[in-house]
Protein chains: 2
Amino acid sequence: MPGVPGQEELVVGEATEQRVRIADVAREAGVSKAAVSFAFNQPDRLSAGTAARIRDVADRMGYRPHPVARMLSAGQTSTIGILSPQALGAVFANPFFALFAEGVASVTEERGFGLLFISPFHGSLATALDRATVDGVVAIGLDERHPELDALRRGGLPTVVVDAPAWPGHRAILVDDEGGAREAASHLLGLGHREVLVLAVQPAIDESGDQGVSGRRLAGYRAAFEAAGLSLPGSAVVDAPATIEGGESAFLQAWTSGARPSAVMCMSDAAAAGVLAGARRLGVRVPEELSIVGFDDLPLTRFTDPPLTTVHQPVRRKGEAAARMLLEALRRPSGDDQDHTLVLETRLMVRRSTAAPSGDRCQEVVVAR
Amino acid sequence: MPGVPGQEELVVGEATEQRVRIADVAREAGVSKAAVSFAFNQPDRLSAGTAARIRDVADRMGYRPHPVARMLSAGQTSTIGILSPQALGAVFANPFFALFAEGVASVTEERGFGLLFISPFHGSLATALDRATVDGVVAIGLDERHPELDALRRGGLPTVVVDAPAWPGHRAILVDDEGGAREAASHLLGLGHREVLVLAVQPAIDESGDQGVSGRRLAGYRAAFEAAGLSLPGSAVVDAPATIEGGESAFLQAWTSGARPSAVMCMSDAAAAGVLAGARRLGVRVPEELSIVGFDDLPLTRFTDPPLTTVHQPVRRKGEAAARMLLEALRRPSGDDQDHTLVLETRLMVRRSTAAPSGDRCQEVVVAR
DNA sequence: ATCGGTGGCTAAACCGGTTTACGAACGGTA
DNA sequence: TACCGTTCGTAAACCGGTTTAGCCACCGAT
């Protein structure tokens, strides 16, 4: 009864239960391997009686087709990967990412695809990809100038890149970072703010034009200032990791260095929450003495005190769209030669962390400039 | 140069680039498939020159061993699964889960294992497991009475269960839910609270003794009350999803139904944050008019206003321990027959969401009882 | 009685690697 | 020169399924 005959006493105390293979079922049922396979996958090719009998035997023996073997002959894994250049620990700690993954997962799950997380293996994304059994990947957080980017492109795996321009022949999803940032800055300018601090997300790439999320958002802030006949000095831009702790410490450091902005524009909600915490610690009242604007509109913004004014981007929907795009690309591998790019909208959500600067401060600032 | 000869013109406009197989490399290099395999995996079995030449050819052709094929012959996938009975959307939305996954991921990543998320397929966990190419699974959130539990056990996949008793022959990780809950309740009782509201996590299983997280925590609350010569009426226990929204609405509903607890004990921090939000909306001051205790001690508790008093459990470490246990079980499949169970500690973190009830209220309550 | 068609099943090829068993060439020793 | 032990490489089996090509028996039609 238990396991494969002839192997039972191989090792005493060892798990006697070997995995039941298709050949075992075939032998037990007195048919060929093909018949067993047909019984499950193409019952029409067998007489009803035989099919039922085979299924019965298989059931009794506890047979389950080996998923890896099935993958190999099927030529596909029915699994997609989420590729991130960061370590997984950092990935899951990031609520933005969790929300994005939520979107991806809801689609893959519905279509019966597995979801595998891919992060650098021994520091190499290319190696990690080589080991990953996926039909395609959604790449997020991948900087345009990532050193292994070429290797990835050459890998030939169907890919949807998120928050970065499409590679030739691949697909991409972007949001209107610049427009959202412009709206945020305009909002503050309209309230009368002139002296602001910008908390950029970690790799604050300014140099090479459009490159990167940070660059696009900064361009948006700048555009609003220029439209108002003002300019945003480079000294007003500070880097901060997109975490609560990162935002708090960057803000505190700027403050202790003597900066006295009337408003802070953050490129992430997490950092904005950190600024909020820092302001509370300093006894600076929000929004009376300090206005704060975030970016992303994560669920947590509605539960900060005060609720955070922020630039909304459809993060979850971005994940869904990425997954759908990828599955679509898998269905018709040829695709057109033109690269498909989807740009989602952003919009400012005015809540209660922003207000007009207090009178004297406003005055002071105007004089200072 | 490009792809497999004889297939180039199969479909015009189709991707001409076929995947390079080991046989292609072998042919190109004028050696056998085995030699190519050796060149990568056991270079010692080849002369240095040959090995180098083969690697060179392979490199030039862009050869990458097919991971699925490798899995099949290796007999292992080097991937582990995180199994959850909930839909993935709900999973990632839960910060508790993200933290747990962070722990699991940090270990698997370090050991070079992939991480696959497994959730019900068409409603069936067993089916999802059958399709999952993993060497073992970490099961979390699995209720002892889950209908498919037997199927999972019978599946024969090495498993570590989290927050549930060990199955015979499997391993388990628990935390001292009851002790933590008892501490929380004692803390409130010591402050003078008598009229409390309990927000249980969704499946509030009370009936069958020890079963489930909810049951164990409730038992802890109860034990503290009994130790004080009091009792916790069933009417004081309400179900709430472990989300901010869930906590808020459950609290508001209880309040509008006339309940006037001086303290709320929540079985999750998310729910506690929701209660906090609800109290703010009602204009009830925390902790002066209402004390709140959470459970889990997620990072967010330090950034609520006021910071949340809560029962700490080492969630991240729980994930790490689960992963390590599983990898250990994979290394020595036989194991002892005794089931290994690891119980981690919990402890109360007193922050600022709890205080003695205001005098009159306290009076009123005492009279009321 | 012969032929053509079809239903039911099987043998063998295949997916793309890894690994085992073995053979040929080579160098050193008796 | 015959013998032996390495070194280097190959053919073939194997992992566990799916799928194609084809065999055989049985049926009705001519």
Side-chain angles (χ1 to χ4, degrees), chain A residues 3-4 7 18-55 57-58 61-78 130-135 156-157, chain B residues 3-4 6-7 18-55 57-58 61-79 130-135 156-157:
Chain A
V4 181
Q7 298 218 0
Q18 290 284 13
R19 179 161 192 134
V20 180
R21 292 152 305 183
I22 197 172
D24 301 324
V25 177
R27 196 182 319 116
E28 183 75 16
V31 296
S32 68
K33 294 194 321 179
V36 178
S37 180
F38 287 148
F40 287 98
N41 307 317
Q42 306 178 46
D44 297 345
R45 299 197 46 173
L46 263 39
S47 75
T50 309
R53 184 167 52 85
I54 293 177
R55 275 198 297 264
V57 171
M61 298 177 75
Y63 168 68
R64 322 214 151 277
H66 196 305
V68 175
R70 205 202 282 256
M71 274 183 183
L72 183 60
S73 64
Q76 61 160 36
T77 63
S78 293
D130 287 346
R131 303 169 35 120
T133 53
V134 297
D135 294 333
L157 212 52
Chain B
V4 181
Q7 298 219 358
Q18 290 284 16
R19 180 164 191 129
V20 180
R21 293 152 304 182
I22 197 171
D24 300 323
V25 178
R27 194 182 320 114
E28 183 77 15
V31 295
S32 68
K33 291 193 325 178
V36 179
S37 179
F38 286 148
F40 287 98
N41 305 318
Q42 307 177 45
D44 297 345
R45 298 199 43 173
L46 263 41
S47 76
T50 309
R53 183 169 51 84
I54 293 176
R55 275 198 297 265
V57 171
M61 297 178 76
Y63 168 69
R64 322 213 153 278
H66 196 304
V68 175
R70 208 201 281 257
M71 274 182 182
L72 183 60
S73 65
Q76 60 159 37
T77 63
S78 293
T79 300
D130 287 346
R131 303 169 35 121
T133 54
V134 296
D135 294 333
L157 212 51

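Note on naming: letters A, B, ... go to the chains in the order of the sequence lines (proteins, then strands), and numbering restarts at 1 for each one.
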Let me spell it out: for each of B/Ala51 and B/Ser73, pick the nucleotide of DNA chain D with the closest heavy atom. Which residue's pick is nearer the 5' end?
B/Ala51
Expressed as a whole number of angstroms, how long is the span from B/Arg19:CZ to C/dG16:P?
9 Å
By nearest-nucleotide position on DNA chain D, the 5'-leaning member of A/Ala34 and B/Arg53 is B/Arg53
Can you tell me how far P of C/dG17 sits from NE2 of B/His66, to the nearest Å?
7 Å
Looking across every strand, which nucleic acid part, if any, lies under 4.0 Å from A/Val36 by heavy atom: base, sugar-phosphate, or nothing?
nothing
Answer yes or no: side-chain N or O of A/Lys33 and base N or O of D/dG16 forming a donor-acceptor pair under 3.5 Å.
no
Tell me: CD1 of B/Ile54 to P of C/dG17, nearest whole Å?
14 Å
With respect to the side chain of A/Arg45, which nucleotide from D/dG22, C/dT18, D/dT10 is positioned closest?
D/dG22
I want to check one thing: is the phosphate of D/dT10, taken as OP1 and OP2, less than 4.0 Å away from some side-chain N or O of B/Ser32?
yes
Under 4.0 Å between any heavy atoms, over every strand shown, what does B/Val68 touch: base, sugar-phosphate, or nothing? Just pick one.
nothing
Please determine if a side-chain N or O atom of A/Thr50 lies less than 4.0 Å away from the OP1 or OP2 oxygen of C/dC9.
yes
Is there side-chain contact between B/Thr77 and A/Val68, with heavy atoms separated by less than 4.5 Å?
yes
A/Ser47 side chain N/O closer than 4.0 Å to the phosphate oxygens (OP1, OP2) of C/dG7?
no
Take the protein atom OH of B/Tyr63 and the nucleotide atom C1' of C/dT18, then report the distance between them rounded to whole Å.
10 Å
N or O in side chain of A/Arg70 less than 4.0 angstrom from D/dT18 OP1/OP2:
yes
Would you say A/Ser37 places a side-chain N or O within less than 4.0 Å of OP1 or OP2 belonging to D/dT19?
no
Choosing from D/dT19, C/dG16, D/dT18, which nucleotide comes nearest the side chain of A/Phe38?
D/dT19
Can you find a pair of side-chain heavy atoms, one from B/Lys33 and one from B/Arg21, that are under 4.5 Å apart?
no
Calculate the interatomic distance between B/Gln42 atom CD and D/dG9 atom C1'; express it in whole Å.
13 Å
Under 4.0 Å between any heavy atoms, over every strand shown, what does B/Leu46 touch: base, sugar-phosphate, or nothing? Just pick one.
sugar-phosphate
